[in-house]
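Computed from a prediction, not measured in an experiment: that's the story for all the values here.
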Amino acid sequence: MASDDTERVIVIESVRQRLRHLILVDQVLDLIHSIGNDQKELIRNKARNESNTAAVDLLINTVIKTPHHDGWFMEFVDALKNGGCQHAADYVEAKFPDPTEEADNDACVLFIQLMSPSLLDRLKTSDVCHCLFPCLYNQLTPFIIGNRKGARALLTRIVRGRPGWFSTFLKVLRDTESQCGLNMSLCVWLGETDGLPPLTDEPAGSDVTAEEGPAGAQAPDNLECLDSSVTEETGDEATVLCEPLLCFTDGTDMAAAGGPKRADIVLRDYQMDAARPALEGKNIIVCLPTGSGKTRVAVYITREHLDSRRREGRSGKVVVLVNKVPLVEQHFSTEFRPFLKHAYKVERVSGDSPLKISFTEIVKKNDVIICTAQILENFLDNKDDEGVQLSDLTLIVIDECHHTKKGEVYNHIMMRYLKQKHKNVQLKKEQKKTVPIPQILGLTASPGVGGATKMDKAEEHILQICANLDAYKIMTKDNGQHKKDPYKQIASVEARQEDPFGDVIKKIMNAIHIHASLSPTCDLGSQNYEQWVVQKERKAVKDEDHKVRVCVEHLRKYNEGLQLSNTIRMWDAFGFLNKYQEEEMKKKVAPEEDEPIQITDTERFLFNLFKENKKELQTLAGQPQFENKSLSELRRIILHEFTSRDSARGIIFTRTRCSAMALSQWIQENSKFSDVGVKASYVIGGGDQSNVKPMTAAEQKDVLNKFRNGEVNLLIATTVAEEGLDIPQCNFVIRYGLVTNEIAMIQAEGRARAEDSSYTLVEVKGSAVAEKESINEYRKDMMSKAIAKIKSLSQDDYDKRIMTLQFQAIMEERVRKTKKKQKDRKSSSPSEVKFTCRGCSSHVCNGDDIQIIENMHRVNVSPHFGKLFIRKENTSLQERLLDYETNVFIACKICGQRWGSMMLFHGLEFPCLHVKNFVVAYNGKKISNCTRWNELAIQFPALDYVHHASQVVQSSDDEDTQ
């Protein structure tokens with residue numbers, strides 16, 4: 001019996017993709033009596049708030065969940081048959097249709113989907129319903145007669161029938177042509193289009209009759225079962241009516257079954273309302289909550305934009321800009337390509353893509369290009385034939401457009417647009433030819449208030465974003481259309497009465513203070529202390545005070561260890577500190593063939609200080625009675641969520657990568673969590689700003705896919721998951737001691753968008769976290785009121801304010817550029833710049849020794865430079881990018897301070913320098929806090945590749961001769 005159940009589950013899983021689209025949940029759900037009322041309500045809510053497809057997934061998971069009760073399989077099959085889903089029942093019972101018949105049926109479904117706009121507008125559902133469902137006509141009419149949604153509900157039911165429904169439907173269309181007002185030519189076209197079965201092409205053995213209905217069997221007697229196909233219209237978001245009629249693919253190959261070469265995009269009413277001005281060619285900002293389908297709106301507008309230009313005999317060119325590399329692939333593979341690839345050429349380019357080197361050609365050859373904003377900015381800067389002009393583009397979509405503000409790359413691009421726009425006004429007055437500029441579409445879940453504390457400043461901030469994007473309007477949902485916010489709570493815990501682990505760390509830190517003659521003015525373990533340490537470190541580097549510099553570096557790590565011990569296990573905090581000490585010791589170990597690296601008295605003191613206290617820290621870290629209470633509260637909340645819900649899915653937001661990884665490990669190692677079905681993983685950022693190894697885009701994608709398909713149901717994330725990334729909706733979100741701004745709060749709340757969701761903030765009393773959250777709530781409310789106030793302005797008043805802000809921005813940009821030009825004219829020549837080691841202040845090189853590769857990588861080309869550094873394998877980074885690769889870092893031969901990495905470029909090896917590892921001085925002035933090369937007003941020459949290659953070849957020839 002168990003083996004039979006296993007085989008049945010395997011069959012159901014193998015046809016899950018089909019069942020997702022063949023089952024109408026509400027027709028079936030009440031016929032499965034073994035499912036409890038609470039779980040049925042969850043499934044209904046899933047259909048109501050997400051989609052019928054998502055609800056089917058949850059239904060299947062519930063049905064196949066072990067242990068199975070006797071008769072579970074036949075109960076499911078009978079429910080499908082009696083619920084009007086006979087075709088789905090066939091698949092569950094492994095009664096698969098002939099592949100040709102299946103492909104023909106898929107083609108028919110897709111064709112009806114393509115024709116649905118005409119059918120929805122012109123189909124008289126009363127006549128068709130009377131022919132197809134005569135026995136149930138009186139029951140059905142209140143729900144599906146007389147509007148587009150009713151027509152969609154009827155079509156939704158029809159296309160889920162057994163193969164053969166198409167011929168029956170055509171016959172009904174022909175028979176009722178005069179009554180339904182549908183042109184007979186449409187019926188003929190439907191029956192004779194190439195690749196579709198003619199009217200008489202009914203599968204052998206089919207006994208479908210009009211009375212039976214296209215489902216192929218007696219329609220359900222229960223009106224409650226039939227209500228599902230129309231879903232009671234609470235608001236405007238009827239579940240099934242808002243989905244495509246039926247789709248057996250993921251959108252990536254809709255033509256595979258011989259169907260139409262176009263995927264239909266069906267917008268909800270509020271989405272269409274938001275899109276409408278853009279469909280008229282106007283610039284807008286679409287401001288919709290997280291999970292409301294902003295990107296789908298953008299895809300729809302993109303397609304309509306390209307279609308309209310094609311009808312007019314003009315070409316279109318759309319660039320979709322994102323601010324994070326993972327979003328390039330996400331938008332390409334899940335949104336734009338599936339819906340547009342059959343009619344238009346779609347490509348994506350990001351900073352780690354080989355295609356960026358030929359970006360101009362990519363723009364020329366494709367209709368839609370999805371890329372990071374910096375790539376477009378780089379090529380707009382290019383003055384030669386290899387560049388891209390704004391006039392080459394007809395539509396720019398800007399994702400997360402609230403970043404269009406001073407200093408951001410989005411704003412640099414839009415400043416070019418605004419200058420050309422106002423220049424065009426002057427050209428028009430002079431009756432000269434204007435330069436084409438693209439339409440602009442901005443997408444955001446929250447423009448924020450920019451730190452405003454008063455309404456007028458909040459309004460000004462949002463208007464400035466509108467001005468920067470040249471938005472005709474900001475489009476939002478009506479107040480009555482917003483989904484219910486998640487239940488919000490703050491879980492406050494008392495600070496630890498005893499913290500012997502933290503006391504030992506503080507004892508070490510105070511010993512360092514005495515050794516370096518430092519007197520901190522703030523509490524150890526606080527953010528203020530961290531800022532104090534950073535300031536001291538910069539001053540020490542500038543003053544070449546190596547004793548203080550190395551001490552404050554260690555103090556910063558101990559401070560982070562204290563913070564970690566208040567959020568994660570003491571054992572994890574100890575591991576963090578121990579690993580740091582081991583890494584610092586490794587820096588002092590030179591390769592065998594090199595001379596020993598210098599260890600100063602202060603470094604020896606610091607190493608010994610940790611060594612002396614290591615055993616005590618290790619012992620205390622293993623005593624659970626001293627763990628922080630936040631962790632206990634987090635455990636309680638997680639267990640509550642997973643025991644009080646039939647299908648829990650949540651995200652925990654935390655501040656650092658280290659804490660995200662440690663929390664994930666803690667959950668995985670605790671059997672209490674696995675006992676209630678918790679399957680945890682973490683997702684962190686891909687940047688290299690942290691000492692913790694970043695996550696690659698592929699690793700992020702893998703984790704999110706597992707979260708999407710249920711292999712992972714609890715995600716521990718840093719702020720990388722708050723914005724942009726396509727994360728399935730959750731029913732609980734926990735912010736673990738993390739509060740940033742109102743935009744981040746709104747983004748995090750938006751992740752909890754399933755029905756009956758919760759949003760919990762865990763804080764230690766006195767930490768001011770709750771107060772910051774209250775301020776964010778106030779700013780969120782202020783933002784909503786400011787948007788409403790802006791929308792209430794007359795168009796003339798709005799336009800005047802936008803125009804004023806645009807001219808102000810242009811003038812500020814002009815002043816900034818003038819100052820930059822003056823600074824560049826005064827900038828030092830490379831020969832006047834000197835670089836010293838940040839660790840020991842030894843001279844490293846002059847600016848004359850540096851050349852630049854691809855306008856990005858600064859490399860030292862001096863033949864003598866190799867004598868100053870040692871090479872070490874970079875175990876945390878081994879990447880290959882375009883024509884260069886790097887997997888070895890270089891470090892000072894004297895003190896072990898890391899300087900950069902070795903770079904192999906077209907077969908030649910160069911040491912690539914990272915400016916943050918040096919103290920830069922020119923004209924006698926030291927710069928201790930330079931972290932980016934572009935902060936230096938120095939023009940380094942481009943690498944003379946031919947010269948260096950010829951030297952290597954000559955050297956090789958001399959060796960061969962010898």
Side-chain angles (χ1 to χ4, degrees), residues 271 274-288 294-306 308-309 314-323 327 331 336 363 367-377 379-380 388-406 408-425 434-445 447 461-476 787 790-791 795 798-799 801-807 809-810 813:
Q271 291 172 320
R276 194 160 283 113
L279 299 177
E280 299 168 0
K282 294 182 172 67
N283 297 347
I284 63 168
I285 295 173
V286 174
C287 181
L288 296 175
K294 294 182 295 294
T295 310
R296 186 63 53 85
V297 172
V299 176
Y300 184 84
I301 292 170
T302 297
R303 193 187 71 181
E304 292 301 308
H305 171 84
L306 293 171
S308 65
R309 293 185 69 88
R314 300 184 295 163
S315 63
K317 190 75 64 179
V318 181
V319 170
V320 181
L321 301 180
V322 299
N323 62 334
L327 296 181
H331 286 344
F336 284 89
V363 172
D367 304 299
V368 181
I369 303 93
I370 302 151
C371 66
T372 45
Q374 189 60 57
I375 289 179
L376 178 62
E377 170 69 3
F379 279 83
L380 287 172
V388 175
Q389 305 298 319
L390 277 180
S391 56
D392 298 332
L393 313 176
T394 59
L395 172 64
I396 297 179
V397 180
I398 300 181
D399 191 34
E400 307 297 346
C401 69
H402 52 271
H403 292 295
T404 312
K405 53 190 179 184
K406 282 183 184 178
E408 299 278 358
V409 64
Y410 282 163
N411 209 45
H412 296 161
I413 293 169
M414 284 307 301
M415 191 55 63
R416 300 171 190 274
Y417 170 96
L418 292 177
K419 288 178 181 177
Q420 189 59 59
K421 172 195 170 184
H422 292 291
K423 193 179 290 184
N424 281 348
V425 174
T434 59
V435 177
I437 53 176
Q439 181 183 348
I440 305 296
L441 171 64
L443 308 175
T444 184
H461 169 80
I462 297 169
L463 277 170
Q464 185 66 67
I465 291 175
C466 292
N468 293 346
L469 291 161
D470 194 34
Y472 163 74
K473 278 185 178 179
I474 179 168
M475 306 301 295
T476 61
I787 291 174
I790 290 169
K791 293 183 71 174
Q795 195 63 47
Y798 173 85
D799 290 343
R801 295 186 67 173
I802 291 297
M803 188 75 73
T804 300
L805 290 169
Q806 287 179 351
F807 279 124
I810 291 172
E813 175 73 2

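In this structure, the side chain of Y410 engages the main chain of N323 through a donor-acceptor pair within 3.5 Å. Listed for the K317 side chain is a donor-acceptor partner under 3.5 Å among the backbone atoms of V363. The main-chain N or O of A467 is found under 3.5 Å from a side-chain atom of Q806 such that the two form a donor-acceptor pair.
Partners of Q439 by side-chain hydrogen bond (donor to acceptor under 3.5 Å, both in side chains), not counting sequence neighbours: none found. The side-chain contact (heavy atoms from CB on, under 4.5 Å) search around D392 returns V388, Q389, not counting sequence neighbours.
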Evaluation steps, side-chain contact (heavy atoms from CB on, under 4.5 Å), between L463 and Y798: CA-CA 9 Å; L463 277 170; Y798 173 85; 3.9 Å; yes
Derivation of the side-chain contact (heavy atoms from CB on, under 4.5 Å) call for L418 and E813: CA-CA 11 Å; L418 292 177; E813 175 73 2; over 6 Å; no
Test side-chain contact (heavy atoms from CB on, under 4.5 Å) applied to M803 and F807, step by step: CA-CA 6 Å; M803 188 75 73; F807 279 124; 3.5 Å; yes
Step-by-step side-chain contact (heavy atoms from CB on, under 4.5 Å) determination, I398 to L441: CA-CA 6 Å; I398 300 181; L441 171 64; over 6 Å; no
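You'll find the side chain of I802 stays beyond 4.5 Å of the side chain of Y472, heavy atoms only. Between R416 and E377 the shortest side-chain heavy-atom distance falls below 4.5 Å. Between Y300 and E304, some side-chain heavy-atom pair lies under the 4.5 Å cut-off. Counting only heavy atoms from C-beta outward, the side chains of Q420 and L390 never approach each other to under 4.5 Å. No side-chain heavy atom of V397 sits less than 4.5 Å from a side-chain heavy atom of I301.
The two atoms that bring I787 and C287 nearest to each other are CD1-SG, 4.4 Å, heavy atoms only. Nearest heavy-atom pair across A373 and L321 is CA-CD2, 4.1 Å.
Under the side-chain hydrogen bond (donor to acceptor under 3.5 Å, both in side chains) test applied with K421, the options T434, N283, D470 reduce to a single match, D470.
Shown here is K473, whose NZ atom has no more than 12 heavy atoms of other residues, nucleotides or ligands within 6.0 Å.
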